[in-house]
Every structure is written in structure tokens, then in C-alpha cells.
Amino acid sequence: QVQLVESGGGLVQAGTSLRLSCAASSVTFNSYTMGWFRQAPGKEREFVAYISWTGGRTYYADSVKGRFTISRDNAKNTIYLQMISLKAEDTAVYYCAAARGVGPTTEQDDYDTWGQGTQVTVSS
């Protein structure tokens with residue numbers, strides 16, 4: 001069972017950038033589809049981005065497309081979420097998640113392992 005630990009969150013001003021990292025413990029990390037999700041205060045958790053196990057396929061929510069980039073380094077068992085042009089509405093707890101045995105997916109139920117989350121707060 002893979003374990004995930006996110007880092008890189010913080011308090012930033014609108015218009016700036018931040019990079020989140022998610023370190024995985026499993027030696028079979030490169031067989032997992034990985035995703036980022038977020039949950040804003042008072043809202044449901046929502047999909048942000050996913051990346052296939054090879055890194056060759058990525059997909060983004062419309063709200064972050066063109067501003068966020070997901071990537072992975074299988075040699076380091078780590079995925080990243082580069083966020084630029086941050087907006088106040090990006091404020092949320094960001095979670096990374098792993099899905100094994102399924103193709104790239106936006107469905108939360110397909111992800112069977114979750115990190116503890118990292119807080120991103122964007123001040124306007």
C-alpha cells in the first residue's frame with residue numbers, strides 16, 4: 001500500500017506561484033495514476049489534475065487549466081503541482097491521491113490512497 005505525504009503549501013499573495021510536492025513510499029509508485037484534488041472551506045472536495053503512470057497523459061479541471069501543471073518524477077517517487085497566477089479562489093486544502101489498476105480518472109472513488117493534505121491560502 002502506497003503512502004503519500006504532501007508538502008509545499010503556504011500563504012501567498014494573488015498572482016504569485018507555489019509548487020506542491022507529494023512523496024510516495026511505494027516501490028511500485030510508477031504503476032499508479034496520480035491525482036491532485038482540493039477542498040475549499042464549506043465546499044466539496046473537487047478534482048484538480050491527474051497524471052498517468054508514465055507521465056504521458058495529463059488532464060486538468062477547467063478552473064486551473066493553463067495555470068497549474070502536474071508532473072511526476074518516478075525516480076524520486078514524487079509528483080508535483082506547479083501553480084502560477086494564483087487566485088483567492090484557489091484557497092483550499094490540496095490532497096494528492098493514488099489510483100492503481102485503473103486508467104487516468106477524475107473520479108475520487110477510483111483513488112484508493114490519499115495524503116493528509118496541505119493548506120494553500122491565497123490572499124487577494
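As a basis for the values below, the full set of heavy atoms in this structure was taken, side chains included, without hydrogen atoms, waters or symmetry mates.
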- Hits for salt bridge (charged side-chain N to carboxylate O under 4.0 Å, His left out) against Asp110, two or more places apart or cross-chain, chain-then-number order -> none
- Query: Got a sec, which pairs hit salt bridge (Lys or Arg N to Asp or Glu O under 4.0 Å) with one end in residues 25-47, sequence neighbours left out?
  - Reply: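 Applying salt bridge (Lys or Arg N to Asp or Glu O under 4.0 Å) to every pair that reaches into residues 25-47, excluding sequence neighbours, yields Arg38-Glu46, Arg38-Asp90.
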What distance separates [X] [atom1] from [Y] [atom2], expressed to the nearest 0.5 Å?
X     : Y     : atom1 : atom2 : result
Ser17 : Arg19 : OG    : CZ    : 12.0 Å
Thr33 : Trp53 : OG1   : CH2   : 10.0 Å
Tyr94 : Cys22 : OH    : SG    : 14.5 Å
Ile84 : Arg67 : CD1   : CZ    : 8.5 Å
Arg72 : Leu81 : CZ    : CG    : 13.5 Å
Ser7  : Tyr80 : OG    : OH    : 9.0 Å

- Item | Candidate pair Leu18 and Leu86, rule side-chain contact (heavy atoms from CB on, under 4.5 Å), full reasoning | CA-CA 8 Å; Leu18 202 60; Leu86 282 162; 3.9 Å; yes
Does any part of the side chain of [Y], heavy atoms only, come nearer than 4.5 Å to the side chain of [X], both counted from C-beta?
X      : Y      : result
Tyr95  : Gln39  : yes
Thr121 : Gln119 : yes
Gln82  : Leu20  : no

Could you pull out the closest heavy-atom pair between [X] and [Y], with the gap in Å?
X      : Y      : answer
Asn77  : Asn74  : OD1-O, 3.1 Å
Ser31  : Arg100 : OG-NE, 3.8 Å
Gln116 : Val5   : OE1-CA, 3.8 Å
Asp112 : Ala99  : OD1-CA, 4.2 Å
Tyr111 : Gly35  : CE2-N, 3.6 Å
Gly56  : Ser52  : N-OG, 3.3 Å

- Query: Is the gap between the ring centers of Tyr50 and Tyr60 under 6.0 Å?
  - Reply: no
- Item | Cluster overlap Val64 with Tyr59, hydrophobic side-chain contacts below 4.5 Å | no
- Message: Set out, in order, the CA-CA distance, both residues' side-chain angles and the distance that settles side-chain contact (heavy atoms from CB on, under 4.5 Å) for Thr105 and Phe47, then state yes or no.
- Response: CA-CA 10 Å; Thr105 174; Phe47 167 79; over 6 Å; no
- Message: Just checking Glu89: does its CD atom have more than 12 heavy atoms from other residues, nucleotides or ligands closer to it than 6.0 angstrom?
- Response: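 Atom CD in Glu89 is packed in, count exceeds 12.
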- Quickly, which of Ile70, Thr118, Val48, Leu4 forms a side chain to side chain contact (heavy atoms under 4.5 Å, CB included) with Cys96? Name it, please.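 Considering Ile70, Thr118, Val48, Leu4, a side chain to side chain contact (heavy atoms under 4.5 Å, CB included) with Cys96 is found only for Leu4.
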- Task: Determine, stepwise, if the pair Trp36 / Ile51 fulfils side-chain contact (heavy atoms from CB on, under 4.5 Å).
- Result: CA-CA 9 Å; Trp36 285 100; Ile51 187 165; over 6 Å; no
